[in-house]
Undergrad: 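One structure is given below, represented as structure tokens, and several questions about it will come after.
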Amino acid sequence: MTTPDILQHTEGGVLTLTLNRPQRKNALTQAMYATLAAALQQAVDDGAVRVAVIQGQETLFSAGNDIEEFLHAPPAGTSSPVFDFLRTIATFPKPLLAAVCGPAVGIGTTMLLHCDLVVAGDNAAFSMPFVNLGLCAEGASSLLLPQLMGYHRAAEALLLGEPLDAATALEVGLVNRVVPPQEANATAQRLAAKLAAKPLSSLVETKRLMKGAQQPQVLQRMAEEGAIFGRMLREPAAKEAFSAFLDKRVPDFSRM
Ligand code: COA
């Protein structure tokens, strides 16, 4: 399953995956997750790929999971494309970069916890509104976010669900650098080219040494979150939140 909503380009050892569904704010569908996962899985053994980059456009990274799919075709269990994508980025052995401008909602932010370097446009807004949608944390964010920024800041991001701006994301270590939006993709490409010129086995071994010990725990947490998330997707609070978003009204949780 591949989709034109993901553009793929390999040049100079760098695989670039561009989220390309601007009419839906790059909301991610199962077809998009499947395409991203397949491209990255293929890149693991592809000698022509040394580094991968995920990017959007100058005003937009991703509105997170497609809410219509959440409502009408929620992912079924941990064998679904979204969980395949999450497991793939959590175990991707080569350097993985992201360039983020504009909104990065839900998995648009949690996927960054699995990237090695993140470049943000100064217009980036990172938000994880899972609780506001009647859902719970995903992508191992319940484990990795408190480790990254401390419990209280993680609680603010995950419980209140309010966005972090680019400066805050830099301060808490979610991103490596902040640049003008029109330079974000080019900056990520420059960093990717720098990495692609280095000995691949040194990159792979060093990444494995940094992340390998925690990987089983990350995968276990993803599965645990996934089981709860999958149940909550089908419950009244989430259905009300999704319907309200699509109907452009405020959700009513008063009876839940
Ligand atoms: N799933 C499906 N459609 C989405 C979407 C999503 N996650 N995000 C945006 N869209 C659609 C909107 O319904 C709208 O469709 P329309 O043109 O038919 O009305 C279109 O994309 C443009 O979105 P809009 O909300 O008008 O853009 P905006 O610039 O005002 O706001 C966002 C952008 C990303 C802040 C806002 O769209 C948003 O909050 N999206 C939902 C994010 C979310 O909760 N994701 C799930 C996380 S688990």
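Each ligand, and each atom within it, is numbered from 1 in the order the structure gives.
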Undergrad: Between the side chains of Asn20 and Thr18, does any donor sit under 3.5 Å from an acceptor?
TA: no
Undergrad: In terms of side-chain geometry, is the basic nitrogen of Asp116 or Lys207 positioned less than 4.0 Å from the acidic oxygen of its partner?
TA: yes
Undergrad: Considering only NZ, NE, NH1 and NH2 on the basic side and carboxylate oxygens on the acidic side, decide whether Glu69 and Arg24 come within less than 4.0 Å.
TA: no
Undergrad: Check whether the side chains of Thr16 and Gln55 place a donor and an acceptor atom closer than 3.5 Å, and report yes or no.
TA: no
Undergrad: Measure from every N or O atom of ligand 1 to the protein's N or O atoms and keep only the pairs below 3.5 Å, writing each with atom names and distance to 0.1 Å.
TA:
unit_1: ligand 1; atom_1: 1 (N); unit_2: Ile67; atom_2: N; d: 2.8
unit_1: ligand 1; atom_1: 7 (N); unit_2: Ala63; atom_2: O; d: 3.2
unit_1: ligand 1; atom_1: 7 (N); unit_2: Asn65; atom_2: O; d: 3.0
unit_1: ligand 1; atom_1: 15 (O); unit_2: Arg24; atom_2: NH1; d: 3.2
unit_1: ligand 1; atom_1: 18 (O); unit_2: Arg24; atom_2: NH1; d: 3.4
unit_1: ligand 1; atom_1: 19 (O); unit_2: Lys248; atom_2: NZ; d: 2.7
unit_1: ligand 1; atom_1: 29 (O); unit_2: Lys25; atom_2: NZ; d: 3.2
unit_1: ligand 1; atom_1: 45 (N); unit_2: Ala63; atom_2: O; d: 2.8

Undergrad: One thing to verify: whether Glu205 and Arg208 come together as a salt bridge, which I'm taking to mean a side-chain N less than 4.0 angstrom from a carboxylate O.
TA: yes
Undergrad: Do Gln41 and Thr88 have side-chain atoms, one donor and one acceptor, less than 3.5 Å apart?
TA: yes
